[in-house]
Amino acid sequence: MQQSQEDYIENSPVLSEKKYKIFGLLIILFALLIRLFNLGERVFHHDESIHASFTLKLLETGQYSYDPAYHGPFLFHSTAAIFYFLGINDTTARLIPVFFGVATTSLLFLLRKELGKRGVLWSAFLLSFSPSMVYFSRFFRNDMIIVFCTLATVIGVTRYLENLCSSKRYPYLILAASSLAIAVSSKENAYLVILMFGAYAGIYFLYRFYSDWKKEKLSLKKALVLKSSAISPFLPEILLSGVLFIFIVMLFYTSLFRYQESLFSIVGKAFSHWMEMHKIQRIGGPFYYYIPILLVYESPIILFGTLGLIHFLKKKDENAPFFLFLSYWAVVSLMLYSYLQEKVPWLVVHIILPFGILAGAYLGEFFPRASEKRQHENLLRPEDMSSGTDKKPTLEIKRSRTRILLAGILALTLTISLVQCISVNFYRSMEPDELMTYTQATPDIREIMEKIEGFDSGPETLRIYVVDSENLYWPLPWYLRDYEKAAYYTEPPVNKEYDAIIMPAEYQMYREISKEEYASYNFTLRPGRDFILYYNKKLEKNR
């Protein structure tokens, strides 16, 4: 008797709950370990050192003032707490991005209903070792906080709408409001997230309203009354979540309510500054700026994310609205960041997130179909195969070959991505020709600090001047933070009584100081920025 279709479905491979939890835990542990390994090895980037110095100032003096050029206060305040409890160094400064990077991977498990078990595991796996996600989870900037908060907001709103008629909705509303508030307190591209998601919500609401209005054949006034009456019971809790949002935002921007600041001034400063940066194209680039980064480092995510986008737009099931939104999120993120004239590698993580989820969801569906197909073929009776009654049609042969081809491409791209992840994070993290390492300081910083630390004069007494007409001497102030008499100038000081002075190579200080009295040490601060340390030879006498 030939096996029925129902039997075939029952015998199809199912991922058990135990395996799902074990695989999930292993992925999260892998994401944590790869982000923590040798975390402090890479020299601080220019931006990292500025953020760390601001954090140190906040910790030591309690002073904070919002400047949109250096983004929001959340990173400074949260890292100040880390410094207080765990100490001050390069490793502890990067722990907040590590936490939010791993937390982003963990959040995906709340999308099990939409992605399925396999889809969640694939998405978490892809993002756990995404070269860009790992690199900027080990980078003292705000972007991984925004990535986490964006995903948390999506999950919060999704689950809130799902539980609209249940008291279970309240925690999800709090999750969405607090996540969005932390995002706004972290970096100004949170306003882009609000704009992007708000536009989708508005368009979707208008579409549903128009569809229901036409279907029910009501007057416009009556339709508006009905919709308003349906929404009104939820207005109090939505307003309360708005109050929570404002409270969290003001908590950080006023530095725990110690300084006076208004919500309007915060938003005004952010928009005026970054609109001006876009206008003058301070860090401009071509529209396709992110494409090479995506292709070089993120080939499995961008390839299978694109296939997933096409697949889920065609597929019609109960999760179709979620995947429609996910596809919108992916495409608009790519277009928006490609358009804005602030082109820097760390913004690529905001593009990768939705594409990574799409890729994982697609792979979660693709491999069960392939394995179920093979199992179905094995269940066919030998006599049926020999008689030709169940021969594979030409279409099925082509589909089977396509599956094999895609599996091969997946294996190849995963291998490339893993190699790139290890290379850019642990071997070439300071190489200037890496697309990820934008204006990264060189390993010479470690060597120059060893040189300075070897002087007879210690941090309390060494008089060291750092000179640069453009104030582009970072990350030196961070590494010289313990040197009490370190000073910074835009031109050489008139007073020549110093132990050591660091300045760009083009200054040629030997025209003003004696070679017999001062030795020199050349180093590269970052690509294209060569500096020289001039120091009194007496500092080496007793070494």
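In this text, all values refer to a predicted model and were calculated from it rather than measured experimentally.
Under the side chain to side chain contact (heavy atoms under 4.5 Å, CB included) rule, Tyr362 has a single partner from Ile357, Leu307, Leu309, which is Leu307. Each of His71, His51, Glu48 was compared with Arg141 under the side chain to side chain donor-acceptor pair (under 3.5 Å) criterion, and only His71 meets it. The one candidate from Leu32, Leu33, Ile34 that meets the side chain to side chain contact (heavy atoms under 4.5 Å, CB included) condition with Leu36 is Leu32.
What you find for Ile238 and Leu173 is that their closest heavy atoms are N-CD2, 4.3 Å. The two atoms that bring Asn142 and Ser186 nearest to each other are ND2-O, 2.9 Å, heavy atoms only. In terms of heavy atoms, Leu126 sits closest to Ala359 at CD1-CB, 3.7 Å. Looking at every heavy atom in both residues, Phe304 comes nearest to Leu406 through CZ-O, 3.7 Å. Considering all non-hydrogen atoms of both residues, Ile146 and Ala190 come closest at CD1-CB, 4.2 Å. Taking all atoms of both residues into account, the shortest heavy-atom contact from Pro345 to Leu435 is CG-O, 3.4 Å.
Proximity of a side-chain donor or acceptor of Gln341 to a complementary backbone N or O of Gly285 within less than 3.5 Å is detected. For Lys117 (side chain) and Leu15 (main-chain N/O), a donor-acceptor pair under 3.5 Å exists by modelled atom type. Side chain of Thr153 to main chain of Cys149: a donor-acceptor pair is present (N/O by atom type, distance under 3.5 Å, no hydrogens or angles). Of the possible donor and acceptor atoms, one in the side chain of Thr437 sits under 3.5 Å from a partner among the backbone N and O of Glu431. Looking at Arg35, its side chain does come within 3.5 Å of a backbone N or O of Ala31 through a donor-acceptor pair. Distance alone, capped at 3.5 Å, places no donor-acceptor pair between the Trp274 side chain and the Asn189 backbone. Counting only distance, with no hydrogens or angles, the side chain of Ser423 and the backbone of Gln420 share no donor-acceptor pair below 3.5 Å.
The environment of Glu17 atom CD is dense: over 12 non-hydrogen atoms of other residues, nucleotides or ligands sit within 6.0 angstrom. Within 6.0 Å of CZ in Phe23 there are 12 or fewer heavy atoms belonging to other residues, nucleotides or ligands. Enclosure of atom CZ in Phe287 by more than 12 non-hydrogen atoms of other residues, nucleotides or ligands within 6.0 angstrom is indicated. Environment of CZ in Arg112: crowded, with over 12 heavy atoms of neighbouring residues, nucleotides or ligands closer than 6.0 Å.
Two residues are said to be in side-chain contact when any heavy atoms from C-beta on lie closer than 4.5 Å; Tyr160 and Glu237 meet this criterion. In this structure, the side chains of Leu263 and Met250 come closer than 4.5 Å at one or more pairs of heavy atoms. Considering only heavy atoms from C-beta on, Arg42 comes within 4.5 Å of Arg94 through its side chain. Residues Leu412 and Thr415 have side chains not in contact (no heavy-atom distance under 4.5 Å, counting atoms from C-beta outward). Within the 4.5 Å cutoff, the side chain of Ile22 has heavy atoms near those of the Lys18 side chain. Contact annotation: the side chain of Leu175 approaches that of Ser179 to within less than 4.5 Å [non-hydrogen atoms, C-beta and beyond]. Between Tyr172 and Leu161, the closest side-chain pair of non-hydrogen atoms is not below 4.5 Å. Within the 4.5 Å cutoff, the side chain of Ser137 has heavy atoms near those of the Met144 side chain.
Relative ring orientation between Tyr200 and Tyr204 is described as parallel, the plane-to-plane angle staying below 30° on a 0-90° scale split at 30° and 60°. The aromatic rings of Trp346 and Tyr438 lie perpendicular to each other, with more than 60° between the two planes, well past the 30° mark.
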Is there a side-chain contact (heavy atoms from CB on, under 4.5 Å) between Ile28 and Phe109 once you walk through the steps? CA-CA 10 Å; Ile28 293 171; Phe109 289 85; 3.9 Å; yes

Verify side-chain contact (heavy atoms from CB on, under 4.5 Å) between Val147 and Met133, making sure each step is shown before the conclusion. CA-CA 10 Å; Val147 166; Met133 286 288 191; 4.1 Å; yes

Give the intermediate values and the outcome of side-chain contact (heavy atoms from CB on, under 4.5 Å) for residues Ile416 and Val419. CA-CA 5 Å; Ile416 292 172; Val419 170; 5.9 Å; no

Does Ile231 form a side-chain contact (heavy atoms from CB on, under 4.5 Å) with Phe205? I'd like the steps, not just the answer. CA-CA 12 Å; Ile231 294 171; Phe205 175 80; 4.0 Å; yes

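One distance of note links CG of Leu121 with OH of Tyr20; it measures 6.0 Å at 0.5 Å rounding. Residue Phe140 holds its CZ atom at 8.5 Å from CD1 of Ile96, rounded to the nearest 0.5 Å. For the atom pair CG (Leu151) and CZ (Phe100), the distance works out to 12.5 Å, reported to the nearest 0.5 Å. We find the OG1-CG distance between Thr104 and Leu127 to be 8.5 Å, quoted to the nearest 0.5 Å. Interatomic distance, CZ of Phe323 versus CZ of Phe312, reported as 4.0 Å (0.5 Å rounding). Leu347 CG to Leu340 CG: the interatomic distance, rounded to the nearest 0.5 Å, is 8.5 Å.
For the residue pair Ser130 and Glu298, a side-chain donor N or O sits within less than 3.5 Å of a side-chain acceptor on the partner. Glu434 and Tyr427 share no side-chain donor-acceptor pair at under 3.5 Å.
Residues meeting the side chain to side chain contact (heavy atoms under 4.5 Å, CB included) test with Ile203, sequence neighbours left out: none.
Note that Arg138 lies outside the cation-pi zone of Phe426, set by a 6.0 Å cut-off to the ring centre and a 45° limit from the axis.
Ring centers of Phe197 and Phe325: under 6.0 Å apart, within the cut-off.
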